Each structure stands twice: as structure tokens, then as C-alpha cells.
Amino acid sequence: QVQLVESGGGLVQAGGSLRLSCAASGRTFSTYAMGWFRQAPGKEREFVAAITFGGNTRVYADSVKGRFTVSRDNAKNTGYLQMNSLKPEDTAVYYCAAGLKRIGENLQSRLLYNYWGQGTQVTVSS
């Protein structure tokens, strides 16, 4: 079992930065891939970024590539999403998720992730 708690959301002006954190409980966090997703009002939850358990592979949605950076510190059982050059269209509730990635599974797929946090609101004003 893994429990996830996000923090770091808030209100920021366009062009600003935020860093989201995802604190995980459980001794097996280091064996899980970690993903970040977001959901804007009236829209489906969409993939943002993900990182494998060892941090060797990171993937990003095209909409955030070059602006967001996903990372993790397994010693602290914490994952991070650094968000720079924020745009109003980045406004959403951001969720972190954890799952065991098997060979051939897609890091961008919601189906990979068994555990989800409660979400943290990010609002970018223009």
C-alpha cells in the first residue's frame, strides 16, 4: 500500500513558477513509477509527466515539455514536479500517482497507476 499526499499548489501569475511535492508513505515507494496528472474543470484527467522508480526515464506531455521537470528523492519518499513559465491553461487540480511499471507498459497511461493522491489546486492568472 502506498498513500500519497500532494502539496505546493497555489495561485501564481503567468510566467511564474511552482514546485509540487508528493509525499509517499510505505517502504516500497522506491519500487514504484510516479506520475503526475491534472484535471481542469469540465475536462478529463490528463497526463503531465512521469518518472520511473530509479529516475532513469522521464516522460512529459508535449504541452509541458521544456517547462516542467519531474524528479524524485527515494530516500525521502517524495516526488516533485517543478513547473516554470506557467500559463493560464496550466490551471487545474494536479494529482500524483504511483504504480508498478511492467515491461511494455506506458508511463503515460492512467491504467498503470494504482495509487492516487487527493490533488492540489494550481491556478495561473493572466
Side-chain angles (χ1 to χ4, degrees):
Q1 281 279 2
V2 176
Q3 293 181 326
L4 305 171
V5 179
E6 301 97 336
S7 61
L11 173 64
V12 64
Q13 288 189 330
S17 299
L18 284 174
R19 187 175 84 154
L20 305 183
S21 297
C22 177
S25 64
R27 293 173 292 176
T28 58
F29 173 71
S30 62
T31 65
Y32 286 82
M34 188 188 71
W36 287 93
F37 292 76
R38 66 188 182 187
Q39 188 166 17
K43 295 188 176 181
E44 290 192 358
R45 192 170 299 188
E46 64 174 3
F47 170 78
V48 175
I51 185 169
T52 49
F53 70 93
N56 293 330
T57 300
R58 309 180 193 201
V59 294
Y60 298 92
D62 288 343
S63 59
V64 307
K65 210 171 285 185
R67 300 188 298 123
F68 290 12
T69 302
V70 61
S71 63
R72 65 191 297 162
D73 185 339
N74 286 338
K76 296 182 178 180
N77 271 10
T78 303
Y80 304 97
L81 184 68
Q82 177 67 43
M83 306 186 295
N84 297 329
S85 302
L86 283 161
K87 304 175 181 180
E89 51 263 44
D90 294 318
T91 296
V93 177
Y94 283 70
Y95 299 88
C96 67
L100 290 172
K101 181 185 181 302
R102 296 171 177 80
I103 294 174
E105 287 187 311
N106 184 356
L107 279 169
Q108 300 186 45
S109 171
R110 290 172 56 182
L111 298 177
L112 185 151
Y113 301 95
N114 306 104
Y115 305 103
W116 293 81
Q118 83 289 350
T120 186
Q121 177 71 46
V122 171
T123 303
V124 184
S125 63
S126 57

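Residue numbers start at 1 and run along the sequence shown. Computed from a prediction, not measured in an experiment: that's the story for all the values here.
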**Student:** Hey, does the side chain of Tyr113 reach the backbone of Cys96 with a donor-acceptor pair shorter than 3.5 angstrom?
**Tutor:**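 No, because the side chain of Tyr113 does not come within donor-acceptor range (under 3.5 Å) of the backbone of Cys96.
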**Student:** Taking a hydrophobic cluster as the set of Ile, Leu, Val, Met, Phe, Trp and Tyr residues connected by side-chain heavy atoms closer than 4.5 Å, whether directly or through intermediates, do Phe37 and Leu81 fall within one such cluster?
**Tutor:**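 Different clusters: Phe37 never reaches Leu81 through Ile, Leu, Val, Met, Phe, Trp or Tyr contacts under 4.5 Å.
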**Student:** Identify whether Tyr115 and Val93 are in the same connected component of the hydrophobic contact network (ILVMFWY, side-chain heavy atoms under 4.5 Å).
**Tutor:**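 No, Tyr115 and Val93 fall in different hydrophobic clusters.
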**Student:** If you take all heavy atoms of Gly99 and Asn114, which pair is closest and at what distance?
**Tutor:**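 Reported closest heavy-atom pair: CA-OD1, 4.0 Å.
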**Student:** Once side-chain hydrogen bond (donor to acceptor under 3.5 Å, both in side chains) is applied, what residue pairs with a partner in residues 94-108 remain, sequence neighbours excluded?
**Tutor:**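 Matches after skipping sequence neighbours: Arg38-Tyr94.
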**Student:** Is there a chain of hydrophobic side chains (I, L, V, M, F, W, Y, each step under 4.5 Å between heavy atoms) that links Tyr80 to Tyr32?
**Tutor:** no
**Student:** Start with the C-alpha gap between Val122 and Asp90, add the side-chain angles, then the distance that decides, and say whether side-chain contact (heavy atoms from CB on, under 4.5 Å) holds.
**Tutor:** CA-CA 8 Å; Val122 171; Asp90 294 318; 5.5 Å; no
**Student:** Could you walk me through whether Met83 and Arg67 pass the side-chain contact (heavy atoms from CB on, under 4.5 Å) test, one step at a time?
**Tutor:** CA-CA 6 Å; Met83 306 186 295; Arg67 300 188 298 123; over 6 Å; no
**Student:** Taking all non-hydrogen atoms of both residues, which atom of Asn84 and which atom of Ser17 are closest, and how far apart?
**Tutor:** OD1-OG, 2.9 Å
**Student:** Do Gln39 and Glu46 pass the side-chain contact (heavy atoms from CB on, under 4.5 Å) test, and can you show the C-alpha distance, the side-chain angles, and the key distance before you say yes or no?
**Tutor:** CA-CA 6 Å; Gln39 188 166 17; Glu46 64 174 3; over 6 Å; no
**Student:** Would you check if the side chain of Gln82 reaches a backbone N or O of Phe68 as a donor-acceptor pair within less than 3.5 Å?
**Tutor:**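 No, Gln82 side chain to Phe68 backbone: no donor-acceptor pair under 3.5 Å.
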**Student:** Kindly give the heavy-atom pair with the smallest separation between Val64 and Val48, and that separation in Å.
**Tutor:** CG2-O, 3.5 Å
**Student:** Given 3.5 Å as the limit, does a donor-acceptor pair link the side chain of Glu6 with the main chain of Gln118, or not?
**Tutor:**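 Judged by distance alone, yes, a pair lies under 3.5 Å.
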**Student:** So, Thr91 versus Glu89: side-chain donor-acceptor pair below 3.5 Å or not?
**Tutor:**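 Their side chains do not contain a donor-acceptor pair, so the 3.5 Å distance test is not met.
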**Student:** Test Met34 against Val70 for side-chain contact (heavy atoms from CB on, under 4.5 Å), laying out the working first.
**Tutor:** CA-CA 9 Å; Met34 188 188 71; Val70 61; 4.1 Å; yes
**Student:** Just by distance, do the side chain of Ser25 and the backbone of Gln3 share a donor-acceptor pair under 3.5 Å?
**Tutor:** yes
**Student:** Between the main-chain N or O of Ile51 and the side-chain N or O of Arg58, is there a donor-acceptor pair closer than 3.5 Å?
**Tutor:**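 Side chain of Arg58 to backbone of Ile51: no pair is present.
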**Student:** Treating Ile, Leu, Val, Met, Phe, Trp and Tyr as nodes and any side-chain heavy-atom pair under 4.5 angstrom as an edge, say whether Leu86 and Leu20 lie in one connected cluster.
**Tutor:**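 As far as the 4.5 Å side-chain criterion goes, Leu20 and Leu86 are connected within one cluster.
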**Student:** I'd like to know if Leu100 and Val2 are part of one continuous hydrophobic network [Ile/Leu/Val/Met/Phe/Trp/Tyr, side-chain heavy atoms within less than 4.5 Å].
**Tutor:** yes
**Student:** Looking at Asp73, is its backbone amide N or carbonyl O close enough to the side chain of Thr78 to form a donor-acceptor pair, meaning the two atoms are under 3.5 Å apart?
**Tutor:** no
**Student:** In terms of side-chain geometry, is the basic nitrogen of Lys65 or Asp62 positioned less than 4.0 Å from the acidic oxygen of its partner?
**Tutor:** yes
**Student:** Should the pair Arg72 and Phe53 be classed as cation-pi, given the thresholds of under 6.0 Å to the six-membered ring centre and 45° from the axis?
**Tutor:** no
**Student:** Measure across Gly79 and Phe29 and return the closest heavy-atom pair with its distance rounded to 0.1 Å.
**Tutor:** N-CZ, 4.3 Å
**Student:** Could you tell me if the side chain of Phe47 sits less than 4.5 Å from the side chain of Ser109, heavy atoms only?
**Tutor:**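 No; the side chains remain at least 4.5 Å from each other.
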